[in-house]
Amino acid sequence: MFESEQKNLENQIRQICGEKELPFNPIIWSWIPFSGNWGISASFFQLASEDAKQRSVRVNVPQRAQEIAQIFADEIALPDGFERIEAVRGYLNIYFSTKIYAQRVIDSVIDERQDFGRGERTGKTVMVEFSQPNTHKAFHVGHLRNVILGNSVCNILDFAGEKVVRTNYLGDIGLHVIKWLWCYMKYHEGEKPLGDITRWMGDIYAEATRRHEEEPDAEGEIRSLFARWDRRDADIVALWEETRQWSLDGFDQIYQQLNVHFDHLYFESDVEDSGKEVVDVLIEKGIATDERPENAVVVKLDELCGTKEKYRNLVVLRSDGTSLYATKDLSLAARKFEDFNLDRSIYVIDVRQSLYMQQIFKTLELMNYPWAKDCYHLAYEIVNLPGNVTMSSRDGTVVFLQDLIDESMERALAIVEEKNPSLTEEEKTVISNNVALGALKYSMLSRDNTKIVTFDWAAALDFNGQAAPYIQYAAVRANSILRKWGQGLPGVTALAYELTPVEVELIDLISRMPKEIQRSAAEFKPLFIANLAFDLAQTFNNFYRQCPVLQAEDAVRDYRLRLAAAARQAIVNCMYLLGIETPEIM
RNA sequence: GCCCUCAUAGCUCAACGGAUAGAGCACCGGUCUUCUAAACCGUAGGUUGCAGGUUCGAGUCCUGCUGGGGGCGCCA
């Protein structure tokens with residue numbers, strides 16, 4: 001928000017460096033880290049160190065940095081909007097005139113509302129592929145992190161200025177589907193899903209797996225069904241299409257609950273044939289080695305790249321000529337760029353597939369696709385159970401998504417009933433929905449992508465502390481002041497009193513939002529936004545306690561009303577980026 | 001064997017290579033006659049796994065080690 005002022009200061013520093021024959025480095029501005037001090041800061045240790053090297057003298061760097069900082073503190077002509085400049089221990093601290101900047105921050109939030117924090121359009125298009133569920137299977141908590149992370153990253157990239165294509169890639173073919181069809185035809189012929197479709201589909205899949213192990217004839221029956229599928233027997237294809245649609249409807253139910261949408265869907269079945277064509281090309285170009293029928297078709301990456309045990313070998317086609325995940329991924333990658341003229345292609349896939357992703361990207365590079373370098377694997381750690389146990393449907397350890405949501409909603413509802421019994425049933429439902437899902441999402445987004453999330457019921461259902469409900473509640477409190485005020489927000493109000501430290505801190509935090517969004521987008525880390533949202537909420541709660549709004553004299557009241565509105569908006573915007581809704585009341 | 005990743009307060013986690021390593025939970029004690037107490041305040045808690053290195057400066061970067069997790073040709 002302070003770019004032009006920063007530029008001005010940088011230019012002055014550059015000029016002074018010239019005059020004093022000092023080397024010039026690009027200035028890295030950061031916030032003054034002491035609460036209650038609002039302004040920007042830069043350090044001059046590096047400059048001092050380089051200066052000494054250039055002149056081949058030994059200096060005490062911190063001391064010299066302080067001297068240099070002092071030079072700038074003396075020479076710089078403060079631009080409008082700054083009230084103080086000082087050199088402190090090698091740092092140059094430049095303090096905002098709160099009068100001017102506080103107002104600029106508040107005014108622009110109120111003016112831009114839900115767009116506050118948006119970056120300039122970059123004109124770039126980025127595709128984010130996430131979720132990637134298998135049809136005919138269940139959806140459990142292990143799948144949740146991907147959806148929540150992918151969705152949030154999409155929101156953030158969009159807000160940061162890119163055009164985002166939200167894409168899902170559905171595993172609608174393969175052995176798991178045949179197994180499901182086999183079990184359905186044999187034991188559930190004619191049945192149709194009711195209610196929780198995905199659960200129903202998942203139950204049949206679990207049954208199929210069990211029967212497959214238990215029944216001696218199963219293996220043969222499944223194999224012959226696979227053969228019929230391979231021939232594209234009309235009745236099998238018809239059943240596949242019908243049952244696949246059930247799964248898709250079930251996923252829609254889930255995505256709707258999670259408030260996640262996709263702009264485009266790809267299906268494995270769509271890229272299977274084209275994938276085999278890609279493999280032919282690979283063989284033709286000598287990139288892939290065809291060792292059929294004894295062995296598979298393999299891209300020997302280490303051999304081709306001259307690396308040792310780095311990329312290993314990528315199998316791109318089975319020895320019987322059927323396709324693999326890699327077969328399809330290779331053609332899908334190209335198709336994405338053709339279909340949407342992308343600048344970048346992001347894959348949100350868990351960290352266990354890191355090597356595989358590198359293999360795919362490397363193979364694309366060997367095929368000389370110029371966009372191969374624009375593919376990026378956004379790896380995240382998985383969700384485990386306590387004791388570092390990975391959820392597995394085989395072991396029956398999975399926590400079904402719907403169970404979690406239901407339980408969470410129930411608890412949230414009980415708390416709303418207790419805190420606010422006078423609300424209508426509809427209001428209570430909306431609130432418990434926002435609170436329950438918010439808590440769930442926040443718990444996954446507020447830790448780094450590289451950290452394993454340990455799922456346990458108590459933690460998932462804990463609405464206290466650094467969690468979404470705390471943040472939502474802060475926004476609700478702000479809203480409550482505004483509602484009680486009962487009139488439109490006062491117009492632009494000049495600051496007519498000395499801001500208290502907590503007010504300055506709150507405004508400071510609000511002003512950081514645009515930068516945090518850019519940083520978060522650059523690193524694909526919703527965590528930064530999650531942290532900012534919490535800081536905002538915490539500071540707002542302090543403000544709420546320390547600074548009376550409606551009781552204050554008119555000028556103060558008007559200013560604080562606007563500040564409360566701005567703080568609320570900033571919190572709501574952060575939460576939106578996390579895919580979390582903030583209720584009006586709770 | 002090779003590669004990736006994680007290790008910070010009792011627990012769960014933060015901390016753009018910078019100033020005094022911070023929150024939450026849990027524990028103990030306090031705060032509703034004032035805009036919703038789903039809140040706030042206070043006390044306590046640390047050799048950032050170990051050893052080197054780079055740097056003016058390292059929880060952060062590099063190397064090695066220890067320990068946990070993951071991955072390494074016909075699963076997705």
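Atoms considered below: every heavy atom in the structure, side chains included; atoms not considered: hydrogens, waters and symmetry mates. Below, read A as the first sequence line, B as the second, and so on, with proteins coming before strands; counting in each chain starts at 1. On a predicted model such as this, the values are computed, not experimentally measured, just so you know.
Residue A:Arg545 places no side-chain atom within donor-acceptor reach of the base of B:C40, judged by atom type and a 3.5 Å distance cut-off alone. Judged by distance alone, with hydrogens and angles left aside, A:Glu291 brings a side-chain donor or acceptor within reach of the base of B:G73, the pair sitting under 3.5 Å. Within 3.5 Å, no donor on the side chain of A:Asp462 pairs with an acceptor on the base of B:C25, nor the reverse. For A:Ser354 and B:C4, a side-chain-to-base donor-acceptor distance below 3.5 Å is absent, hydrogens and geometry of angles not being considered. With hydrogens and angles left out, the side chain of A:Arg64 and the base of B:C56 share no donor-acceptor pair within 3.5 Å. One can find a donor-acceptor pair under 3.5 Å joining the base of B:A19 and the side-chain atoms of A:Ser41.
Rounded to whole Å, the P atom of B:G53 lies 35 Å from the corresponding atom of B:G70. Rounded to a whole angstrom, the distance from the C1' atom of B:U47 to that of B:G59 is 12 Å. A distance of about 11 Å separates the P atoms of B:A9 and B:C50, rounded to the whole Å. Comparing the C1' positions of B:C16 and B:U12 gives a spacing of 24 Å, expressed to the nearest Å. Rounded to whole Å, the P atom of B:A44 lies 15 Å from the corresponding atom of B:A21. B:A7 sits 15 Å from B:G17 when the P atoms are compared, rounded to a whole Å.
In terms of phosphate contacts, A:Arg477 brings a side-chain nitrogen or oxygen within less than 4.0 Å of OP1 or OP2 of B:A37. Residue A:Gln538 places at least one side-chain N or O under 4.0 Å from the OP1 or OP2 atom of B:G24. A sub-4.0 Å separation between OP1 or OP2 of B:C35 and a side-chain N or O of A:Arg557 is absent. Phosphate proximity of B:C3 to A:Lys310: absent, as no side-chain N or O sits under 4.0 Å from OP1 or OP2. Within the structure, every side-chain polar atom (N or O) of A:Tyr325 is placed at least 4.0 Å from both OP1 and OP2 of B:A76. A close approach under 4.0 Å does not occur between any side-chain nitrogen or oxygen of A:Asn531 and OP1 or OP2 of B:A14. Remark: A:Lys451 is in phosphate contact with B:A7, judged by side-chain N or O atoms under 4.0 Å from OP1 or OP2.
Atom CG in A:Leu536 sits about 17 Å away from atom P in B:A39, given to the nearest Å. Between A:Glu418 atom CD and B:A38 atom P there is a gap of 8 Å when expressed in whole angstrom units. One interatomic measurement links the two molecules: CG of A:Asn449 to P of B:C13, which rounds to 14 Å at whole-angstrom precision. The CD atom of A:Glu523 sits 13 Å away from the P atom of B:A14 (whole-angstrom rounding). Nucleotide B:A14 holds its P atom 16 Å from the CG atom of A:Leu532, rounded to whole Å.
Between A:Ile28 and A:Ser319, the residue anchored closer to the 5' end of RNA chain B is A:Ile28, taking for each the nucleotide with the nearest heavy atom. Mapping A:Arg352 and A:Cys547 onto RNA chain B via the closest heavy atom, the residue that lands nearer the 5' end is A:Cys547.
More than 12 heavy atoms of other residues, nucleotides or ligands lie within 6.0 Å of CD in A:Gln487, so this atom counts as buried by the packing criterion.
A side-chain N or O of A:Tyr380 and one of A:Asn146 form a donor-acceptor pair less than 3.5 Å apart.
Using N1 to N3 plus N6-O4 or O6-N4 for Watson-Crick, or N1-O2 and O6-N3 for G-U wobble, each under 3.5 Å, B:A7 pairs with B:U66.
Between A:Glu86 and A:Arg84 there is a salt bridge, since a side-chain N of the basic residue sits under 4.0 Å from a carboxylate O of the acidic one.
The CG atom of A:Asn134 lies 14.0 Å from the CH2 atom of A:Trp180; values are rounded to the nearest 0.5 Å.
At the heavy-atom level, A:Val351 lies nowhere under 4.0 Å from the strands shown.
For an aromatic pair to be called close, the ring centres must be under 6.0 Å apart, and A:Tyr169 with A:Phe130 fails this. A distance below 6.0 Å separates the ring centres of A:Phe524 and A:Tyr376.
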